[in-house]
**Student:** 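What follows is a structure written as structure tokens; I'll ask about it next.
Hydrogens, waters and symmetry mates play no part in the numbers below; they use all other heavy atoms, side chains included. Start at 1 and go down the list; that is how both ligands and their atoms are numbered. One-based numbering along the sequence shown.
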Amino acid sequence: MGTGSSKDRSRQSTSPEDTSRVNPPPSSSDSHSYSSQLVGGANPETGEPCRQVHSLTAQTGHGNNTMSNVQTNAVSSVQKTKDQLLKGVSILKETLDSQDDVPHVFVVFGASGDLAKKKIYPTLWWLFKDGLLPRQTYFVGYARSDLTVQAVRDKSTQYMKLQDDEKDKFEEFWKMNSYVKGSYTERTDFEHLNQEINTLPKGDLAHRLFYLALPPTVFKDVSSNVRLCCMGHEGWSRIIVEKPFGRDSESSADLSQHLSKLFREDQIYRIDHYLGKEMVQNLMVLRFGNKMFSPLWHRDHVQCVVITFKEPFGTMGRGGYFDESGIIRDVMQNHLMQILSLVAMEKPASTSAEDIRDEKVKVLKCMPPLELQNVVVGQYTGDPQGEGDAKNGYLDDKTVPKGSVTPTFASAVVFVKTERWDGVPFIMKCGKALNERKAEVRIQFKDVPGDIFGGQCKRNELVIRVQPQEAVYCKMMVKAPGMNINPEESELDLSYGARYKGVKMPDAYERLILDVFCGAQLHFVRSDELREAWRIFTPLLHKLEKDKIKPAPYKYGSRGPQEADDLARKFGFIFSGTYKWTKPQL
Ligand SMILES: NC(=O)C1=CN([C@@H]2O[C@H](COP(=O)(O)OP(=O)(O)OC[C@H]3O[C@@H](n4cnc5c(N)ncnc54)[C@H](OP(=O)(O)O)[C@@H]3O)[C@@H](O)[C@H]2O)C=CC1
Ligand SMILES: O=C1O[C@H](COP(=O)(O)O)[C@@H](O)[C@H](O)[C@H]1O
């Protein structure tokens with residue numbers, strides 16, 4: 001079992017100091033040294049400017065692979081792909097190149113689960129086939145189920161967007177995989193996992209990444225067991241934790257404290273996949289790389305900011321799981337708050353992970369806790385006229401507890417009490433079973449003072465559409481073309497699909513998992529961000545639960561409860577209903 005050696009015994013302590021003995025302190029190939037370089041700034045060694053990868057061309061992205069079937073061409077094609085993807089990201093490239101000879105082991109805990117099959121294995125495959133992972137990267141699935149690599153492969157292949165000419169590469173990928181069955185609680189099972197890792201070529205020397213694609217109930221057991229039994233001897237070890245990071249301030253603090261006893265902060269990657277989305281990452285550049293926005297980004301000009309997440313489907317029979325959290329914990333407290341802090345923060349001193357996260361934390365610190373009077377919660381009902389899933393309301397889902405008051409929709413108004421934002425309502429809105437799929441930031445500007453057009457001018461809006469069809473557009477007034485001087489609503493439209501035709505955007509998980517390989521923590525949640533976010537939401541969540549506040553019903557496929565529109569209106573958002581967008585014919 002390998003537990004008897006002095007080496008193994010030294011791995012049984014649980015203090016962070018010991019962790020750093022097991023994992024030597026970060027070297028030039030570890031975290032801080034290059035995390036700061038990914039969104040700009042200069043490479044300290046070469047002085048070259050560095051940028052984050054922001055686009056993949058159609059030829060290189062998954063779904064559009066043009067790699068030759070001829071084996072020799074395939075090798076150079078992968079190298080070309082890698083070079084293209086990493087163009088302008090010298091630190092990332094150097095880091096990956098410098099790690100190329102060191103084996104890496106990526107362990108997927110919860111390999112039998114939904115997230116693993118839909119997101120993690122497909123992401124690993126895309127990174128692998130694009131040549132972005134270190135050459136010797138092994139993937140180890142771990143779960144309680146009695147599975148094989150073939151079974152994991154069968155479950156996940158449908159999500160991998162495999163192309164006909166990728167079959168050989170696909171076989172290569174699965175050859176790098178293994179599967180270990182084990183519990184999440186028993187130490188002996190983790191010792192067995194460690195043995196399995198050690199039997200991989202140079203496995204005992206490998207850098208190790210542990211992805212917890214698991215329900216929160218087992219986070220603590222698994223992280224403790226990883227720390228006790230599976231840490232790298234020579235290489236570094238990093239742990240990736242999926243949300244939810246707790247249910248409220250107390251449970252989150254408890255989890256944070258637990259993790260901090262086991263791992264250093266630079267070994268912990270709390271993933272919020274919205275931070276990996278192109279348009280969320282774009283907020284930094286839009287805001288701080290353009291002169292024209294900065295003076296307007298202010299309470300003097302902005303009426304309100306609306307941050308929206310909508311999904312057109314309900315819980316699809318998985319309501320039992322959703323009911324544990326509800327939409328506020330599922331989306332608002334994390335994804336929308338992350339977006340809000342990027343929208344509201346001051347310019348950081350640099351693009352380093354710590355400088356940016358410091359500014360995000362400052363925003364959160366300036367936000368008082370949410371008040372019930374500024375919140376609308378809703379729950380969807382079935383639409384008898386709807387098709388399939390739409391016929392069912394949330395409470396019709398058999399996995400949902402009878403009479404549940406868990407919100408599937410929430411709208412909340414928060415304030416950021418800084419000199420820049422004091423008095424400006426930030427309206428967050430999120431829901432399932434709504435009329436469309438959409439995530440966006442909408443900045444609505446104030447009315448033009450001293451109107452000379454007889455009230456015909458509508459407010460300007462700057463919209464950053466995160467998904468689908470990424471876009472930045474500005475709704476504005478222009479003179480209606482012709483023999484008149486009448487104002488008309490129009491737009492400045494930067495639709496990515498048109499402007500970056502054929503350019504493939506990497507998936508959020510691809511960016512984030514690659515960041516973990518590279519030790520870049522910018523796009524991950526720091527523990528103090530988490531603490532502040534929970535401080536803002538905990539009193540509201542407790543009140544909703546204690547008083548069993550009944551959510552307003554809304555019909556499946558609608559825009560949500562009317563009360564949410566009333567709330568937005570009360571805080572100054574005006575929907576004129578007159579704007580019409582004509583899709584450009586390209
Ligand atoms: N580049 C591009 O692709 C561009 C696309 N467009 C498209 O044009 C269309 C219209 O643009 P858009 O900016 O959304 O303008 P709209 O005027 O249609 O909507 C503006 C906002 O009003 C809200 N709203 C909609 N109906 C009501 C209502 N009855 N009461 C209160 N609020 C309401 C919407 O919120 P909610 O989300 O809750 O419904 C949205 O936040 C969109 O489909 C957009 O995607 C426009 C410009 C460029
Ligand atoms: O974290 C979550 O996000 C998804 C939506 O992610 P997206 O990338 O498809 O927008 C949501 O469906 C899920 O409930 C939530 O837990």
**Student:** Looking at Glu436 and Lys310, is there a salt bridge between them, counting it only when a charged N and a carboxylate O are closer than 4.0 Å?
**Tutor:**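 Answer for the salt bridge query: yes.
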**Student:** Would you check ligand 2 and list the protein residues that come within less than 4.0 Å of it by any heavy atom, ordered by chain and number?
**Tutor:**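 Ligand 2 pocket, heavy atoms under 4.0 Å: Lys243, His273, Tyr274, Lys277, Phe309, Glu311, Asp330, His335, Lys432, Arg437, Gln467.
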**Student:** So that I can tick it off, tell me whether Arg526 and Glu529 are bridged by a salt bridge, with the cut-off set at under 4.0 angstrom between side-chain N and carboxylate O.
**Tutor:**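 Looking at Arg526 together with Glu529, the answer is no, because their closest N to O distance does not fall below 4.0 Å.
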**Student:** Name the orientation class of the two ring planes belonging to Tyr556 and Tyr380 (parallel below 30°, tilted from 30 to 60°, perpendicular beyond 60°).
**Tutor:**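 The arrangement is perpendicular - the two ring planes meet at more than 60°.
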**Student:** Looking at non-hydrogen atoms alone, which of Ala498, Ser558, Ser495 comes nearest to atom 1 (N) of ligand 1?
**Tutor:**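 It is Ser495 whose heavy atom sits nearest to atom 1 (N) of ligand 1.
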**Student:** Check Lys475 against ligand 1 and report side chain, backbone, both or neither, counting heavy atoms closer than 4.0 Å.
**Tutor:**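 Looking at Lys475 and ligand 1, just side chain atoms fall under 4.0 Å.
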**Student:** In the protein, what heavy atom is nearest to atom 37 (O) of ligand 1, and what distance, to one decimal place, separates them?
**Tutor:**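 The closest heavy atom on the protein side is Lys438 NZ, 2.6 Å.
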**Student:** Could you pull out all residues at least two apart from Glu488 that satisfy side chain to side chain donor-acceptor pair (under 3.5 Å)?
**Tutor:**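 By the side chain to side chain donor-acceptor pair (under 3.5 Å) rule, Glu488 matches no residue at all.
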**Student:** Does a donor on one side chain sit under 3.5 Å from an acceptor on the other, for Asp323 and Tyr394?
**Tutor:**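 A donor-acceptor contact under 3.5 Å links the two side chains.
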**Student:** Decide whether the shortest distance between a heavy atom of Arg569 and an atom of ligand 1 is less than 4.0 Å.
**Tutor:**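 Heavy atoms of Arg569 never come under 4.0 Å of ligand 1.
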**Student:** Return yes if a side-chain donor-acceptor contact under 3.5 Å exists between Gln562 and Asp566, otherwise no.
**Tutor:**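 Checked: Gln562/Asp566 side chains pair up, N/O donor to acceptor below 3.5 Å.
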**Student:** List ligand 1 atoms under 4.0 Å from Phe573, heavy atoms only on the residue side.
**Tutor:**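 So the answer, numbered in order with elements, is 21 (C), 22 (O).
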**Student:** Can you pull out the closest protein heavy atom to atom 8 (O) of ligand 1? Residue, atom name and distance to 0.1 Å, please.
**Tutor:**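 Answer for atom 8 (O) of ligand 1: Trp581 CB, 3.1 Å.
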**Student:** Between Lys277 and Tyr274, is NZ or CZ placed under 6.0 angstrom from the six-membered ring centre and within 45° of the ring axis?
**Tutor:**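 Checked: cation-pi criterion met.
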**Student:** So which heavy atom in the protein is nearest atom 18 (O) of ligand 1, and how far is it from that ligand atom?
**Tutor:**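 Checking every protein heavy atom, the shortest distance to atom 18 (O) of ligand 1 gives Phe575 CE1, 4.1 Å.
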**Student:** Can you find a non-hydrogen atom of Arg559 under 4.0 Å from ligand 1?
**Tutor:**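 Right, Arg559 reaches ligand 1.
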**Student:** Between Lys119 and Asp507, does any NZ, NE, NH1 or NH2 come within less than 4.0 Å of an OD or OE carboxylate oxygen?
**Tutor:**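 Judged by the 4.0 Å cut-off on N to carboxylate O distance, Asp507 and Lys119 do form a salt bridge.
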**Student:** Under 4.0 Å between a Lys/Arg side-chain N and an Asp/Glu carboxylate O for Lys475 and Glu491?
**Tutor:**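 No, this pair does not count.
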**Student:** Tell me which part of Lys580 gets within contact of ligand 1: side chain, backbone, both or neither, using heavy atoms under 4.0 Å.
**Tutor:**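 Near ligand 1, Lys580 shows nothing, with every heavy atom at 4.0 Å or more.
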**Student:** Hey, does Asp493 sit under 4.0 Å from ligand 1 if you only count heavy atoms?
**Tutor:**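 Within the 4.0 Å threshold, so yes.
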**Student:** I need the atoms of ligand 1 closer than 4.0 Å to a non-hydrogen atom of Glu440, numbered in the order shown.
**Tutor:**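 This gives 41 (O) as the contact atoms.
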**Student:** Heavy atoms only, cut-off 4.0 Å: how does Lys429 contact ligand 1, side chain, backbone, both, or neither?
**Tutor:**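 Near ligand 1, Lys429 shows its side chain, while the N, CA, C and O stay back.
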**Student:** Can an N or O of Arg465 be found at a distance shorter than 3.5 Å from an N or O of ligand 1?
**Tutor:**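 Min N/O separation from ligand 1 is below 3.5 Å for Arg465.
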**Student:** Restricting to side-chain contact (heavy atoms from CB on, under 4.5 Å), what partner residues turn up for Gln303, sequence neighbours left out?
**Tutor:**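 With sequence neighbours excluded, Gln303 shows a side-chain contact (heavy atoms from CB on, under 4.5 Å) to Gln444, Lys446, Arg459, given in chain and number order.
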**Student:** Counting only nitrogen or oxygen atoms and a 3.5 angstrom limit, does Glu461 reach ligand 1?
**Tutor:**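 No.
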**Student:** Please name all residues satisfying side chain to side chain donor-acceptor pair (under 3.5 Å) with Lys543, sequence neighbours left out, ordered by chain then number.
**Tutor:**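 For Lys543, the residues satisfying side chain to side chain donor-acceptor pair (under 3.5 Å) (neighbours in sequence not counted) are Asp547.
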**Student:** Please determine, by modelled atom types, if Glu461 and Tyr473 share a side-chain donor-acceptor pair under 3.5 angstrom.
**Tutor:**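 Distance-only check fails for Glu461 and Tyr473.
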**Student:** Of all the non-hydrogen atoms in the protein, which one sits nearest to atom 41 (O) of ligand 1, and at what distance?
**Tutor:**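 Nearest protein contact, heavy atoms only, for atom 41 (O) of ligand 1 is Arg442 NE, 3.0 Å.
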**Student:** Any salt bridge between Arg247 and Glu545, counting N to O under 4.0 Å?
**Tutor:**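 Between Glu545 and Arg247 there is a salt bridge, with a charged N closer than 4.0 Å to a carboxylate O.
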**Student:** Among all protein heavy atoms, pick the one closest to atom 42 (C) of ligand 1 and tell me residue, atom and distance.
**Tutor:**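 Answer for atom 42 (C) of ligand 1: Tyr473 OH, 4.5 Å.
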**Student:** With heavy-atom distances below 4.0 Å as the criterion, list the atoms of ligand 1 near Ala471.
**Tutor:**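 Those of ligand 1 that fall under 4.0 Å from Ala471 are 1 (N).
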**Student:** Where is the nearest protein heavy atom to atom 11 (O) of ligand 1: which residue, which atom, and how far?
**Tutor:**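 Result for atom 11 (O) of ligand 1: Tyr579 CE2, 3.3 Å.
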**Student:** Salt-bridged, Arg318 to Glu324, with N to O below 4.0 Å?
**Tutor:**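 No salt bridge links Arg318 with Glu324.
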**Student:** Pull out every atom of ligand 1 sitting under 4.0 Å from any heavy atom of Lys310, numbered as shown with elements.
**Tutor:**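 That gives atoms 36 (P), 37 (O), 38 (O), 39 (O) of ligand 1.
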**Student:** Thinking salt bridges, do Lys243 and Asp272 make one under a 4.0 Å N-O criterion?
**Tutor:**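 Salt bridge: no.
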